[in-house]
Structure formats: C-alpha cells, structure tokens
Amino acid sequence: MQDTINTLGSVAAPVPKRAGAGLKPKHYQSIIEQLPDIGWFEIHPENYMGRGGPPLHYLERIRADYPLSLHSVGTSLGSHLPVDLDHLKKLKALVDRFEPGLISEHLSWSHGYEWYTHDLIPLFYTEETLSLIVEHIEQVQDFLGREILIENPSSYLQFKQNEIPEQVFYVEAAKRSGAGLLVDINNVFVSCSNHGWSIQEYLSAVPHELVGEIHLAGHSIQDLGDTKLRVDDHGSPVCQEVWQLYRDYINTHGTVPTLIEWDTNIPEFPELYREVCFAEKFLQTTRDRYDEAIV
Amino acid sequence: MKPLSELQQLFCDALRSSDSPPQALLDEIEDDGLRIERFNVYRNNFIVLNGDALADMYPVIKQLVGDEAFRMLATAYVRTFPPMDRALLLYGEAFPDFLKGIPELSGAPYLADVARIEYAWTAAYHAEDATRLDEVQMVNIPAETQGDLRLRPHPSIHFINSSYPVYRIWAVNQGEPMDDVISLDEGGSHIVVIRPQREVEVREVGLGELRFLESLASNETIGSAYAHTLESVPDFDLNRFFAEHLFDGTFCAIEP
C-alpha cells in the first residue's frame, strides 16, 4: 500500500480538522448502525494486534466510513531498551491495512525490563534521553515510512536529574527527529497544575506549525491535604478549564484535528458524542472566523 | 549520576513491589513533601490498568470470589506475572494456574477450570479468522479415502477437561447471578471453546467429541483420531457428530 503515500506525505484518508472520538468496543454497534456525524476515529493499535476476530472486522467496517488515527501506547520511545522490531512490524501491518491519516506515540517510557508497565512513565529530561528518544522516533518513522506525532505526557512527579524544561524537551525531540506534535491540552493542564508550571509558558513554547493533533480528556482529582494532585484517567467529561484553554488555543492558532479521549468509566455513546459535538462547535466558530476549509 | 538503564529499572522494581519505595529511588524524585504519594499514583496505575485487563478477561471469577477478593488476587497476580507483551489483549494466561496455588481458594478447586474457560473465550475471540469447511470441498472426496485425510478444526479451538461441573458454573454466571445450586458431585465436564464466525461458542460436549476433536487438532488423520476416540469412548457416534458439526464452522479445511 506504499503507493497510496506520496512523497509529500499525503495519505489515503487524511484526518480532517474536525472533532474525532476514541473508538471503543462498546460503541462499535451504535457507530455502524447510526453513522454519527463525527470527523474521524482514533484507536490504540495495540488493541488490534490480535491475529483476527471481531475487533479487526469492526474496525474495517468503521474505517470504510471514517478517517482513522493510530495512537500507539506500546512503543516505549524513551526506554533505555531498543525499539522492538516485532512490535513495529505489527504496527506497520495495521498502517498498511487501515491507512490511517495520523500516527502518534507518547513522550514517555513503559518498560525498563522485559516486562511492560502499560502505564506512561515520565522521562528524565536530560540531553542523554533527548538523544535516545530522537533516535527511537527516527527509527519508528523510518520503519513506517511516515511522520509520526509525539504527545506531551501528563505526570505526577519530576526527577531531580531533569535539566531541560518539559516543553523545551518535547519540542526539541520533534524538531530533531522531524516528527510533529500532538498537544494534549488536558495533559498540559494536569502536569502544569501538578508541578506548579505556567500553562501559558508551556503552550507558547509549542510552535503551532508542528501541531498536527489536539487531545482533550477528563481527569480526576486526588486530595492530598493542601495539595490536589490531578490524575489523567480519561474517565469523565473534559473540565471547564481545559475547554477554555482549548478555545483560546484554536482562536489564536486556527483549527486542528481534535480528539475526545474517554478510556475508563466509558459512557454510552450519546454522552461521548455530546463531548465531540462540543469540540466541533468550537472548531466551527473558529472556521467561520478564519473562513477555513475543513480539510 | 546513575545510568538511565539503572534508573528505569529502579523505578520498575519499585512499581512492582508492595514495600515503600527505596531511598535510592526517592533520592531521584523532586521532593515537595509528597514524593511518595506522587510515586504511588504510578504504582496504583500499574496495578489498576493491568488488574482491569484481568477483570475484563475473568468476569465470572470476579463474580464468584467477589470484587474485593478479586482485586487482591489481581494485585498479587500483576506483581508476580507482569505483562510480557505490548498488547494487553491476552494478558492473564497464567491466572488459572495462579488461582490453583492460592491456599485460601483450596475450598473452591473448580475456580482454575472456570478461569480456563474464560481465558479460552478471549483467546478464541482474538484468534485468526478462517472460512467454514463447506459441502463443495467434500463432494469430490471418495468416502473410502476420507479416513486418511486431516480435518482442520477452526484455529480458535480450545479444550477444557475438568473434574468439576464447570460448564454449568460458567453458564449460570453469565450476566446476573442466579440462585441455581450446583453440586460438585454432579461430576466433571468437557468443554470446547471455538469461534466459527464472529461469535465465540462455549459448548459442553461428551468425552468422545472432546477426544476426537483433540486428536484432529493435534494433526491426526480422521481414521486415527476415530480409533483413538474409540479406545476411551467405545460408543462414540461418528456419523452423528459429523451430521451436526462437519459443516457448522467447527472445521475450516480438509487436507491430505
């Protein structure tokens, strides 16, 4: 399927600058029956790495009607261990079969041994890990023959070794590897709040021309006496502060493909759809203002 | 300064452990007086994310032991057998044997076999697809040579052979719990789990059917599988079995 990707990097079904939703098995049937007006869907490719069965079948049906984005959670780009070739092959097979408009992965790591945490652990923001992650991103991109987007993490602790501010590290990793950026505004809000960083400083360090996608999600609050730790659990509606940051961002910079992520306490489809429509409304307002086309 | 590999392994060790995080790791974390609580968010995520995957795979075990006990079992399992694969689809393969080794569960010796049904269900769900053997493929095969051929069961097939009535235990725990009383004296059950098309089927079968399918799955010819089956089940009715299952998706090919 290499021939559907030309040298300019355009793909068979680009992800439009509209609102999309994370695709969940409990919603397969509703989506196939109702074909809701949603710009695109996003999946974790790791959930489709079985040999066969219903998930791949449903994905095929949904892909026939919607553009798709692959949001990987298993590459562990910041691990000291090498990128797993076997995992890349499985990822490439999904890319070839489903022709996603976007592919992304996280600025984090998830394995230190031969086993996997399946959680996204923060990096040590040093020159050493910057070189390492750039090398790993390049490896993934070379293997897939495509640019990927890198997502800023949510985090709850910082390492003393850190010598580079997260936003600088994040942008630098993308610039050096030729990757794009996936800005998770909820993660910016969560991390800045957990570490006392400035949200404005963080977002203004992000060059908009590198931003290919935005994520929005809900988080929970863990009360630790005087301190409130915000935990990025994707288990509730997007909070007001994050909606406001999102509106400000697209008002300033223009529209970007925007995903609503909802991965735990997953609601019935109409509730998720309401959140998507909310984002779409903001995108429409911005489109009208800038007189932009959708794609 | 510690090398990255050592730091990441230190973090992973602490994630997996139930002891308070070691000083060597805490020394690496910025301290606002809450670094242990901050680290514990990761420890909790590790247990909950992987424990939830286990709960998705083993809903009947969870119903049988209760939410609280399941959470404790899942926590211990995640710590002992952390995920070895980047995909969580089939995480929990060793859970049935793990249950067998828990002394507190020795009064419920059937749990491991119920868990085997649940693992087989998920494994069959994600197994490779195959097309159903159909009548046309059989038409030109002379009856007298059929015994030398190999019938391929669908690649999703799994077998469970239990000394306990685990099929009934599994079946009454689908959906809302029921008041059915199941006595362990009801005897054992033989189960085939298979996904002929989209739907996973859990079938309680006779010993003959189990033996015959197991033999075919281990690449024996039809003749040899039949002979093997007759050794333990002399009255196994092959014609009746074929009338019911030859073309219902249980098989996907017939080959020399």
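Sequence lines set the chain letters: A, B, ... in the order given, protein chains first and strands last, and positions in each chain run from 1. The figures here come from the full heavy-atom set of this structure, side chains too, leaving out hydrogens, waters and symmetry mates.
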Using non-hydrogen atoms only, which part of A:Leu229 is less than 4.5 Å away from chain B: side chain, backbone, both, or neither?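 Only the side chain of A:Leu229 comes within 4.5 Å of chain B.
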Side chain, backbone, both or neither of A:Leu132 within contact of chain B (heavy atoms, under 4.5 Å):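 For A:Leu132, the side chain is the part near chain B, not the backbone.
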Which residue pairs satisfy the ring-ring contact (aromatic ring centres under 6.0 Å, His included) criterion with at least one member in residues 14-39 of chain B, sequence neighbours excluded?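 Pairs touching residues 14-39 of chain B that pass the test: B:Phe11-B:Phe39.
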Closest contact, heavy atoms only, B:Ile160 versus B:Leu210: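 Closest heavy-atom pair between B:Ile160 and B:Leu210: O-CD1, 4.2 Å.
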Which atom of A:Ala179 lies closest to which atom of A:Ile150, heavy atoms considered: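 Answer, listing the atom of A:Ala179 first, then A:Ile150: CB-CG1, 3.9 Å.
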Could you grab the distance from atom CG of A:Leu102 to atom CG of A:Leu68, nearest 0.5 Å is fine?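 So the CG of A:Leu102 and the CG of A:Leu68 are separated by 9.5 Å.
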Once you round to the nearest 0.5 Å, how far does CD1 of A:Ile148 lie from CG of A:Leu182?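 Between atom CD1 of A:Ile148 and atom CG of A:Leu182 there are 10.5 Å.
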Using side-chain heavy atoms (C-beta onward) and a distance below 4.5 Å, is B:Leu213 in contact with B:Val205?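 They are not in side-chain contact.
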Partner set under side chain to side chain donor-acceptor pair (under 3.5 Å) for A:Gln139, not counting sequence neighbours: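 For A:Gln139, no residue satisfies side chain to side chain donor-acceptor pair (under 3.5 Å) once neighbours in sequence are set aside.
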Counterpart residues, ring pair (Phe, Tyr, Trp, His ring centres under 6.0 Å), relative to A:Phe124 (two or more places apart):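 A:Phe159.
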For chain A and chain B, what donor-acceptor pairs lie under 3.5 Å, backbone included?
| from | atom 1 | to | atom 2 | distance (Å) |
| --- | --- | --- | --- | --- |
| A:Arg51 | N | B:His126 | O | 3.1 |
| A:Gly52 | N | B:His126 | O | 3.1 |
| A:Gly52 | N | B:Ala127 | O | 3.4 |
| A:Gly53 | N | B:Ala127 | O | 3.4 |
| A:Gly53 | N | B:Asp129 | OD1 | 3.0 |
| A:His57 | ND1 | B:Arg198 | NH2 | 3.2 |
| A:His57 | NE2 | B:Arg198 | NH1 | 3.2 |
| A:Gly74 | O | B:Arg86 | NH1 | 2.6 |
| A:Thr75 | O | B:Arg86 | NH1 | 3.4 |
| A:Gly78 | O | B:Gln8 | NE2 | 3.0 |
| A:His80 | N | B:Gln8 | OE1 | 2.8 |
| A:Asp84 | OD2 | B:Arg86 | NE | 3.2 |
| A:Gly112 | O | B:Gln9 | NE2 | 3.1 |
| A:Tyr113 | OH | B:Asp13 | OD1 | 2.9 |
| A:Tyr113 | OH | B:Asp13 | OD2 | 2.9 |
| A:Tyr116 | N | B:Pro83 | O | 2.8 |
| A:Tyr116 | OH | B:Arg86 | NE | 3.1 |
| A:Tyr116 | OH | B:Arg86 | NH2 | 3.2 |
| A:Thr117 | O | B:Asn50 | ND2 | 3.1 |
| A:His118 | NE2 | B:Asp85 | O | 3.0 |
| A:Asp119 | OD2 | B:Asn45 | ND2 | 3.3 |
| A:Tyr156 | N | B:Tyr42 | OH | 3.0 |
| A:Tyr156 | O | B:Arg38 | NH1 | 2.8 |
| A:Gln158 | O | B:Glu30 | N | 2.9 |
| A:Lys160 | N | B:Glu28 | O | 2.7 |
| A:Lys160 | NZ | B:Asp27 | O | 3.2 |
| A:Asn194 | O | B:Arg38 | NH1 | 3.1 |
| A:Asn194 | O | B:Arg38 | NH2 | 2.9 |

Can you tell which part of B:Leu4 gets under 4.5 Å to a heavy atom of chain A, answering side chain, backbone, both or neither?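 Both the backbone and the side chain of B:Leu4 come within 4.5 Å of chain A.
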Using non-hydrogen atoms and a 4.5 Å limit, figure out which bit of B:Leu15 sits close to chain A: side chain, backbone, both or neither.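 It is the side chain, since no backbone atom gets that close.
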Output the option from B:Pro3, B:Pro83, B:Ala53 having the highest count of non-hydrogen pairs under 4.5 Å with chain A.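 Heavy-atom pairs under 4.5 Å are most numerous for B:Pro83.
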